[in-house]
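Just so we're on the same page: letters track the sequence lines, and every chain starts at 1. If you're wondering where the values come from, they're calculated on a predicted model, not measured in any experiment. All values below were derived from every heavy atom in this structure, side-chain atoms included, with hydrogens, water molecules and symmetry-related copies excluded.
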Amino acid sequence: MKTEPGEFSFDDLVAAPRSQHHWDGVRNYQARNFMRDEFKRGDLVFIYHSSVAEPKVMGIAEVVREAYPDSFALDPKSPYFDPKSEATGESRWVMVDVAARSRMSQPVTLATMREQPTLQGMALLRPGQRLSIQPVTKDEWDIVVSLGKPCPLLKGQGQRSPRKS
DNA sequence: GCCAACGTTGGC
DNA sequence: GCCAACGTTGGC
């Protein structure tokens with residue numbers, strides 16, 4: 001999941017109370033469909049900083065709530081307001097909730113990933129790709145993890161969500 | 001700040 | 001339904 005750290009950084013997610021773990025503002029159908037169709041509770045995702053001097057994977061988060069309507073699309077005051085959703089009275093966009101789980105002790109830069117022969121097929125590295133939500137294969141995941149050496153966050157940073165069953 | 005790659009929009 | 005114009009993303 002990409003984010004511009006000036007808007008919402010990995011550290012912001014780490015510090016955020018549970019009520020602010022929603023990943024809102026995704027306004028692309030393909031990205032939306034990934035969240036709606038693929039994201040399951042307990043799934044892990046990379047959090048990637050884009051549109052910065054050194055784009056990089058910052059850490060790992062866990063899906064703690066599956067897709068539900070992104071109500072910001074209906075809020076005229078929101079930067080993510082969507083008139084077409086408002087016209088139907090129903091948001092056509094979804095968000096998920098994620099909680100920070102671990103931080104890369106060595107954030108994995110885009111440049112580093114480009115250097116890996118084993119990552120050449122990765123969606124993120126495709127020229128011109130702009131999707132803010134992208135698939136990662138198991139192999140790609142393992143390679144990025146081995147490069148980043150994630151450390152679990154301490155309790156109180158990136159809160160644990162109570163399990164119901 | 002540039003620009004390539006796309007997605008979206010809207011006229012026809 | 002085509003497609004040109006336009007807007008946005010995001011690396012560089």
Side-chain angles (χ1 to χ4, degrees), chain A residues 1-16 20-39 43-63 66-98 100-137 139-150:
Chain A
M1 305 179 88
K2 292 187 196 173
T3 184
E4 295 188 21
E7 296 294 318
F8 190 81
S9 69
F10 180 70
D11 284 336
D12 290 336
L13 179 63
V14 170
Q20 290 169 29
H21 286 188
H22 48 261
W23 203 264
D24 59 294
V26 173
R27 294 292 178 269
N28 169 284
Y29 285 114
Q30 203 179 344
R32 178 201 68 181
N33 294 349
F34 277 128
M35 290 200 295
R36 187 190 61 192
D37 303 334
E38 309 290 343
F39 279 45
D43 283 353
L44 299 178
V45 298
F46 289 134
I47 303 297
Y48 173 84
H49 282 180
S50 67
S51 290
V52 285
E54 200 170 45
K56 51 192 163 184
V57 176
M58 295 297 294
I60 294 171
E62 177 181 343
V63 176
E66 294 175 11
Y68 60 104
D70 181 345
S71 54
F72 293 90
L74 302 177
D75 176 4
K77 295 190 295 289
S78 167
Y80 302 119
F81 176 63
D82 171 31
K84 290 196 174 178
S85 288
E86 190 191 40
T88 65
E90 198 169 288
S91 178
R92 57 180 170 157
W93 304 111
V94 304
M95 51 190 175
V96 296
D97 288 359
V98 293
R101 284 291 177 255
S102 48
R103 178 192 304 278
M104 294 306 189
S105 52
Q106 297 175 243
V108 184
T109 66
L110 182 61
T112 296
M113 289 187 279
R114 287 199 191 286
E115 288 168 6
Q116 308 302 315
T118 46
L119 289 180
Q120 290 314 301
M122 196 172 182
L124 182 68
L125 306 184
R126 247 182 23 237
Q129 64 69 33
R130 298 178 303 162
L131 271 187
S132 61
I133 309 287
Q134 303 200 2
V136 178
T137 67
D139 286 349
E140 291 161 356
W141 180 272
D142 291 343
I143 292 163
V144 173
V145 164
S146 73
L147 292 167
K149 302 179 174 54

> For the pair made of CG in A/Asn28 and P in B/dA5, what is the distance, rounded to whole Å?
Replying inline: 18 Å

> CD of A/Gln134 versus P of B/dC6: gap in Å, rounded?
Replying inline: 12 Å

> Mind checking what makes side chain to side chain contact (heavy atoms under 4.5 Å, CB included) contact with A/Thr88, not counting sequence neighbours?
Replying inline: A/Glu90

>> Going by the rule side chain to side chain contact (heavy atoms under 4.5 Å, CB included), which residues pair with A/Pro79 if we only count those two or more places apart in sequence or in a different chain?
In response: none

Return a table of donor-acceptor pairs under 3.5 angstrom between the side chains of residues 48-58 of chain A and protein atoms on other chains or two or more places apart.
residue : atom : partner : partner atom : Å
A/His49 : NE2  : A/Phe10 : N            : 2.9

>> A/Ser71: which residues meet the side-chain hydrogen bond (donor to acceptor under 3.5 Å, both in side chains) condition with it, sequence neighbours left out?
In response: none

Table please: side-chain donor-acceptor pairs of residues 30-37 of chain A below 3.5 Å, with sequence neighbours left out.
residue : atom : partner : partner atom : Å
A/Arg32 : NH1  : A/Arg92 : O            : 2.9
A/Asn33 : OD1  : A/Arg36 : NH2          : 3.3
A/Asn33 : ND2  : A/Tyr29 : O            : 3.3

Pairwise N/O distances under 3.5 Å, protein to nucleotides 9-12 of chain C:
residue : atom : partner  : partner atom : Å
C/dG10  : OP1  : A/Lys2   : NZ           : 2.8
C/dG10  : OP1  : A/Arg130 : O            : 2.7
C/dG11  : OP1  : A/Tyr48  : OH           : 2.9
C/dG11  : OP2  : A/Ser51  : N            : 2.9
C/dC12  : OP1  : A/Arg114 : NE           : 3.2

